[in-house]
Structure formats: C-alpha cells, structure tokens
Amino acid sequence: MKRILLMVFRNLWFVPWAWCKLCYRASHTDKYTEEEQYSFIRWIDLHANQGGNVKIDVHGSENIPAENGFIFFPNHQGLYDVLAIIEACPRPFSVVAKKEVGNIPFLREVFSCLKAFLLDREDVRQAMKVIIDVSKEVEKGRNYLIFPEGTRSKNGNKIGTFKGGSFKAATKAKCPIVPVALINSFVPFDRNTIRPVTVQVHFLKPLEYEDYKEMKTTEIAALVEKQIRETIDANVEE
C-alpha cells in the first residue's frame with residue numbers, strides 16, 4: 001500500500017487525468033486498436049514505476065517471438081507481475097486472470113483495456129470455454145499471458161507447482177510457449193516498503209509446437225517450471 005501511495009503522490013499532477021482516460025478507454029474498448037490500448041497502458045505503467053521507485057531489469061527480449069500468436073507463461077509472485085511484464089514487453093498481449101482481479105481498482109480497468117479473460121476457477125465449464133476462446137484468439141494472432149501456478153506463490157522468489165491444465169490453450173493453438181521468470185516482483189505491492197526495488201523479467205527461449213507436440217501438458221508444465229526455477233536460482237540475490 002505504501003508504494004501505491006508513493007506512485008500516486010509523485011504523479012499527483014498526472015493521476016486525475018490519466019485515471020479519467022483509463023476509465024474511458026476501459027468502457028470504450030472498441031474505439032481503440034489493441035496497439036493503441038497497450039501503448040497507453042505502458043505509458044501509465046512507466047509513470048507509476050518511476051514514481052514508485054521500481055526499476056524493471058529486462059533479459060532475453062530477443063526470445064520474444066517475431067510473429068504474433070504466442071503465450072507467456074510466467075511464475076506468479078504478486079499483483080504487480082503483469083505490470084512488470086507490460087513495461088518489459090513492447091509487444092501487445094492480453095491476460096488470463098482469476099475473476100477476483102476484476103474487483104481491484106486500476107487492475108480492473110487495465111485488464112478491461114487489454115480485453116483480458118477472467119477465469120472462474122470454481123466453474124469448470126466456464127474455465128474450459130476460456131481455454132477454447134483463448135486458443136482461438138491466439139490462432140488469429142493475439143498474444144496472451146497465463147499464470148501456470150494458478151495463484152500467487154506468496155513465498156517470495158520460490159515458485160509453486162505449475163499445473164498442466166494451464167497449457168491446454170497453447171497445445172490447442174499449437175503456438176510458441178514463452179517461459180518468463182520473474183524475480184522480486186512480489187516486492188512492489190506485496191511488501192510494505194517504498195525502498196527502491198529492481199524487478200527482473202527474464203524472457204526464456206520459446207518452446208515451439210514441434211518441441212512439445214508429443215508431450216503431455218503435465219510434462220510441458222514440469223519442463224517450463226524447471227526452466228524458470230533454474231533461471232531464478234541463477235539470478236536471485238540472497
């Protein structure tokens with residue numbers, strides 16, 4: 001909470017206008033292209049990060065596929081995760097998130113602008129429909145982000161178990177899977193501090209469909225989890 005207040009205070013001249021614009025865009029998504037919406041969100045994100053003493057340290061940008069129609073699979077540390085990846089990634093993407101996020105101001109508007117899918121984990125039928133809809137959109141060239149842990153690890157830089165079902169949208173779309181390792185992304189919003197923090201975003205080498213087409217989703221999950229865990233272990237500062 002302290003860092004959010006710092007972000008607002010240091011951007012006091014900017015916040016009222018930006019908030020009004022964000023709310024308008026969230027309510028009129030069809031008036032803007034995906035690129036326009038994403039560029040606007042990144043612009044707000046950059047101001048917030050600068051005001052909140054948050055630096056994004058990006059690694060592996062060359063691993064972001066040159067062609068659209070891919071899915072990011074990052075570890076899930078906290079509410080700040082998506083905002084870290086937005087600044088790190090110049091390419092538009094949308095998000096699959098749990099429905100509860102739709103009740104959080106600012107994130108609610110951001111996800112609306114991104115035309116994100118909100119998943120009800122208690123409704124199997126709705127969850128399956130989301131998987132099918134996301135796979136169809138990826139086939140058409142949209143990019144997405146899915147958290148394979150399903151929920152925040154709440155354990156700092158230690159990650160939880162990746163769920164095979166999270167990768168069904170990718171296997172249906174036959175698209176590149178891009179593992180993303182986040183380090184210290186839990187600090188900005190989940191720790192009660194305003195000290196400067198550097199959040200590392202590592203885009204790892206994509207798994208192409210040919211790499212995983214013979215694998216079960218549980219095997220894909222285990223492989224991506226292993227790659228992300230090894231990247232975190234190699235780069236985290238004790």
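Atoms considered below: every heavy atom in the structure, side chains included; atoms not considered: hydrogens, waters and symmetry mates. Index from 1, following the sequence.
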message: Checking the side chain of S39 only, and the main-chain atoms of E35 only, is there a donor and an acceptor separated by less than 3.5 Å?
response: no
- prompt: Does the E230 side chain pair with the main chain of Q227, one donor and one acceptor, at a distance under 3.5 Å?
  reply: no
query: Quick one: does Q50's side chain have a donor or acceptor within less than 3.5 Å of a partner on H47's backbone?
result: no
- request: Evaluate the side chain to side chain contact (heavy atoms under 4.5 Å, CB included) criterion for residues V95 and Y144: first the C-alpha distance (whole Å), next the side-chain angles of each, then the deciding distance (0.1 Å), finally the verdict.
  value: CA-CA 5 Å; V95 181; Y144 273 84; 5.9 Å; no
L145/V96 under side chain to side chain contact (heavy atoms under 4.5 Å, CB included): CA gap, chis, key distance, verdict: CA-CA 6 Å; L145 180 153; V96 177; over 6 Å; no
field: T29 side chain near K115 side chain, heavy-atom distance below 4.5 Å
entry: yes
Single-linkage hydrophobic cluster I4~W13, side-chain heavy atoms < 4.5 angstrom: yes
message: Do P196 and V54 make a side-chain contact, defined as non-hydrogen atoms from C-beta onward lying under 4.5 Å apart?
response: no
Heavy-atom check, side chain of L83 versus side chain of F106, under 4.5 Å: yes
task: State whether F40 and R25 meet the cation-pi test: NZ (Lys) or CZ (Arg) under 6.0 Å from the six-membered ring centroid, and within 45° of the perpendicular axis.
output: yes
message: What I'd like to find out is whether the side chain of I44 reaches to under 4.5 Å of the side chain of K21, using heavy atoms alone.
response: no
- prompt: Less than 4.5 Å apart, any side-chain heavy atom of Q200 and any of H59?
  reply: yes
- prompt: So how far is it from Q37 CD to R42 CZ, rounded to the nearest 0.5 Å?
  reply: 15.0 Å
- prompt: Between V224 and F167, does a side chain to side chain contact (heavy atoms under 4.5 Å, CB included) hold up when you go through it step by step?
  reply: CA-CA 10 Å; V224 173; F167 293 86; 3.9 Å; yes
query: Do L204 and Y209 share a hydrophobic cluster, counting only Ile, Leu, Val, Met, Phe, Trp and Tyr and linking them when any side-chain heavy atoms are less than 4.5 Å apart?
result: yes
Reference residue H202; test side chain to side chain contact (heavy atoms under 4.5 Å, CB included); the match among I232, I228, I183: I183
query: Is L22 reachable from V15 through a run of hydrophobic residues whose side-chain heavy atoms are each under 4.5 Å from the next?
result: no
message: salt bridge (charged side-chain N to carboxylate O under 4.0 Å, His left out) for K129 and D133? Distances and angles first, verdict last.
response: CA-CA 6 Å; K129 184 178 185 304; D133 289 345; 2.7 Å; yes
- request: Please answer: with hydrophobic residues joined when any side-chain heavy atoms are less than 4.5 Å apart, are I41 and I104 in the same cluster?
  value: yes
query: Donor-acceptor pair, N155 side chain versus K158 backbone, under 3.5 Å?
result: no
message: Please check this pair: side chain of Y212 against backbone of A170, looking for a donor-acceptor N/O pair closer than 3.5 Å.
response: yes
task: Kindly compute the distance separating CD1 (I194) from CE (M7), expressed to the nearest 0.5 Å.
output: 11.5 Å
- prompt: Would you say the side-chain atoms of R10 and N53 include a donor-acceptor pair closer than 3.5 Å?
  reply: yes
message: Does any part of the side chain of E87, heavy atoms only, come nearer than 4.5 Å to the side chain of N49, both counted from C-beta?
response: yes
query: Of F73, F72, F70, which meets ring-ring contact (aromatic ring centres under 6.0 Å, His included) against F203?
result: F72
statement: Taken to the nearest 0.5 Å, the spacing of M128 CE from R125 CZ works out to 11.5 Å
Atom pair CG (D120) and NZ (K99), whose distance is rounded to the nearest 0.5 Å: 4.0 Å
message: Closer than 3.5 angstrom, by distance alone: can the side chain of S135 be matched with the main-chain N or O of A173 as a donor-acceptor pair?
response: no
field: Euclidean distance, C89 SG relative to N143 CG, rounded to 0.5 Å
entry: 7.5 Å
task: May I ask you to decide if G52's main-chain N or O and R3's side chain share a donor-acceptor pair within less than 3.5 Å?
output: yes
- prompt: Regarding R108 and N103, is there a side-chain donor-to-acceptor distance under 3.5 Å anywhere?
  reply: no
message: Keeping E225 on the side-chain end and F162 on the backbone end, is there a donor-acceptor pair under 3.5 Å?
response: yes
query: Is it true that the side chains of Q77 and N157 contain a donor and an acceptor less than 3.5 Å apart?
result: yes
query: Tell me, do S94 and F117 make a side-chain contact under 4.5 Å, heavy atoms counted?
result: no
- request: Decide yes or no for I177 and I220: does some side-chain heavy atom of the first lie under 4.5 Å from some side-chain heavy atom of the second?
  value: yes
Ring pair (Phe, Tyr, Trp, His ring centres under 6.0 Å) between H28 and Y32, intermediate numbers included: CA-CA 8 Å; H28 300 82; Y32 304 92; 8.1 Å; no
- line: The residue among D57, I56, I86 that forms side chain to side chain contact (heavy atoms under 4.5 Å, CB included) with V201 is I56
- request: Could you walk me through whether K55 and V199 pass side chain to side chain contact (heavy atoms under 4.5 Å, CB included), step by step?
  value: CA-CA 6 Å; K55 177 184 177 182; V199 176; over 6 Å; no
task: May I ask you to decide if the ring planes of W43 and W17 are parallel, tilted or perpendicular, using 30° and 60° as cut-offs?
output: perpendicular
- prompt: Does atom NZ of K172 have more than 12 heavy-atom neighbours from other groups under 6.0 Å away?
  reply: no
query: Around atom NZ of K226, are there more than 12 heavy atoms of other residues, nucleotides or ligands at under 6.0 Å?
result: no
- prompt: Taking T217 for the side chain and K168 for the main chain, is one N or O donor matched with an acceptor at less than 3.5 Å?
  reply: no
message: According to a hydrophobic-cluster definition based on side-chain heavy atoms being under 4.5 Å apart (Ile, Leu, Val, Met, Phe, Trp, Tyr only), do L118 and I131 belong together?
response: no
- prompt: Where the side chain of E137 meets the backbone of R142, is there a donor-acceptor pair that is under 3.5 Å apart?
  reply: no
field: Rounded distance [0.5 Å steps], CD1 in I146 versus OG in S166
entry: 7.0 Å
